[in-house]
Amino acid sequence: MTSNEIKAGLNTKILGREVAFYTETTSTNDIALELAGKGADEGTLVVADSQTMGRGRGDRKWFAPAGTSILASLILRPLIELSQINKIVLITAISIVYAIRNITHLPALVKWPNDVVINNKKTAGILAEAKTEKNSVSFVVVGFGINVNVPKISFPEEIADIATSLSIESGCEISRIHLLQEILRQIESRYLKLDNDSFLDEWKNLSATIGRQVQIEYPDSIKTGLALNIDENGALTIKLNTGEIQRIINDDIVRVKTK
Ligand code: BTN
């Protein structure tokens with residue numbers, strides 16, 4: 001994969017006009033945060049074949065053998081308030097799902113708060129990080145890791161039962177470049193109409209969470225109930241088994257299981 005291959009035939013207006021590609025780096029999110037702080041253009045994409053310090057949510061490591069995955073971070077400068085930052089995660093998740101469906105025809109779904117699953121196994125994760133000033137957002141780095149051609153045997157034991165890749169699910173190798181290009185087109189079309197909340201219906205239609213029993217694990221407690229809805233700020237409404245309706249935000253959630 002090279003920057004030129006990613007840009008060739010991409011046909012976007014903003015996203016991926018600038019691409020910084022690394023064979024190996026620390027974390028594409030860290031590089032993108034640094035570039036954004038130095039004034040990099042909106043839409044700049046940082047991509048790597050491997051990361052030495054790939055990060056997931058909650059300070060977990062992001063596993064990805066070299067050359068098997070999409071490891072990418074986009075710099076965005078949306079005119080939104082801090083409370084709306086989850087919109088970026090939601091449109092990214094929907095866009096990854098559509099891109100996977102278009103390229104592989106696999107039944108990808110979004111899983112709250114920020115995963116993409118196939119047959120209930122995690123295929124992609126999103127990590128958005130923002131620099132804020134007072135209540136406004138200076139920039140957002142939205143990083144996504146997608147298990148594209150990761151062989152089954154290489155997943156570490158602790159995630160072997162809960163993770164999968166596109167090649168495992170489809171039985172064939174998938175072009176990382178074509179998939180990445182399609183993701184950029186999908187994100188751009190939604191990003192350019194971020195004011196329009198139609199992405200919420202898309203999210204609900206593609207959801208592996210709404211209408212299901214969920215178990216939400218916090219560092220020292222667990223909530224279980226029926227997932228009812230999601231709002232424009234990415235909060236999930238659940239009906240607890242006690243009958244009480246609660247609005248859940250994704251901060252400090254360790255894990256979400258669906259039954
Ligand atoms: C999660 O599911 O916990 C989020 C995972 C996000 C991983 C991606 S890989 C590219 C980018 N760089 C990072 O260090 N993390 C994100």
Side-chain angles (χ1 to χ4, degrees), residues 1 6 15-16 19-37 40 44-76 85-86 88-97 99-100 108-118 120-131 139-150 154-156 158-159 161-166 176-177 179-180 183-184 187 208-209 216-219 234 250-258:
M1 193 147 61
I6 295 166
L15 306 193
V19 177
F21 175 79
Y22 298 82
T23 308
E24 181 178 282
T25 189
T26 48
S27 149
T28 56
N29 265 38
D30 288 346
I31 304 292
L33 286 166
E34 195 183 317
L35 291 176
T44 300
L45 180 74
V46 179
V47 187
D49 254 349
S50 69
Q51 302 180 120
T52 53
M53 298 201 300
R55 293 184 283 117
R57 281 194 317 123
D59 283 338
R60 280 177 287 211
K61 277 187 157 182
W62 182 256
F63 161 82
T68 64
S69 300
I70 291 176
L71 307 166
S73 304
L74 266 174
I75 296 172
L76 299 174
I85 193 151
N86 275 322
I88 304 289
V89 174
L90 298 183
I91 65 161
T92 303
I94 300 163
S95 299
I96 292 173
V97 163
I100 290 175
L109 293 170
V110 293
K111 182 184 167 199
W112 191 84
N114 59 357
D115 294 350
V116 172
V117 294
I118 298 175
N120 220 13
K121 291 187 175 181
K122 181 159 172 168
T123 313
I126 299 162
L127 180 67
E129 298 177 294
K131 167 129 194 307
F139 58 77
V140 181
V141 164
V142 57
F144 42 93
I146 305 174
N147 303 331
V148 182
N149 297 317
V150 182
S154 61
F155 282 110
E158 60 276 18
I159 57 170
D161 291 340
I162 53 170
T164 191
S165 72
L166 302 180
R176 290 184 298 155
I177 290 171
L179 181 59
L180 178 56
I183 290 169
L184 295 176
I187 297 177
T209 306
I216 299 175
E217 297 180 15
Y218 293 88
N250 69 12
D251 297 0
D252 53 77
I253 282 171
V254 179
R255 195 164 34 167
V256 180
K257 284 189 194 161
T258 44

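Start at 1 and go down the list; that is how both ligands and their atoms are numbered. Since we're looking at a predicted model, the values are computed, not measured.
Residues P113 and V89 fail the side-chain proximity criterion, which asks for heavy atoms closer than 4.5 Å.
Few gaps surround CZ on R60; more than 12 heavy atoms of other groups in view lie less than 6.0 Å from it.
Counting heavy atoms under 4.0 Å from ligand 1, residue A72 touches it through the backbone alone. Contact annotation for I126 and ligand 1: only backbone heavy atoms (N, CA, C, O) come within less than 4.0 Å of the ligand. Counting heavy atoms under 4.0 Å from ligand 1, residue Q51 touches it through the side chain alone.
Per-residue contacts place R55 under 4.0 angstrom from the following atoms of ligand 1 (heavy atoms of the residue considered): 5 (C), 6 (C), 7 (C), 13 (C), 14 (O), 15 (N), 16 (C). The S73 neighbourhood of ligand 1 comprises atoms 11 (C), with distances under 4.0 Å to a heavy atom of that residue. Each of the following atoms of ligand 1 lies closer than 4.0 Å to a heavy atom of G54: 14 (O). Atoms of ligand 1 lying under 4.0 Å from any heavy atom of G56, numbered from 1 in the order shown and given with element: 1 (C), 3 (O), 4 (C), 5 (C). Atoms of ligand 1 found under 4.0 Å from any heavy atom of T28, numbered from 1 in the order shown, are 10 (C), 11 (C), 12 (N).
Looking at I126, V140, L127 one by one, the single match for side-chain contact (heavy atoms from CB on, under 4.5 Å) with T92 turns out to be I126.
Annotation: atom 2 (O) of ligand 1 to nearest protein heavy atom, K122 NZ, 2.5 Å. When hydrogens are left out, the protein atom nearest atom 5 (C) of ligand 1 is W62 CE3, 3.4 Å; that is the closest non-hydrogen contact.
Across K111, M53, R57, heavy-atom proximity to atom 3 (O) of ligand 1 is greatest for R57.
Taking both residues in full, the closest heavy atoms of G16 and L184 are given as CA-CD1, 4.4 Å, listed atom of the first, atom of the second, then distance.
Side-chain atoms of S165 come within 3.5 Å of backbone atoms of V150 as a donor-acceptor pair (strictly under, hydrogens ignored). Looking at S27, its side chain does come within 3.5 Å of a backbone N or O of N29 through a donor-acceptor pair. Formation of a donor-acceptor pair under 3.5 Å by the Q51 side chain with backbone atoms of T28 is found in this model.
Judged by distance alone, the side chains of R57 and N114 do bring a donor and an acceptor atom under 3.5 Å apart.
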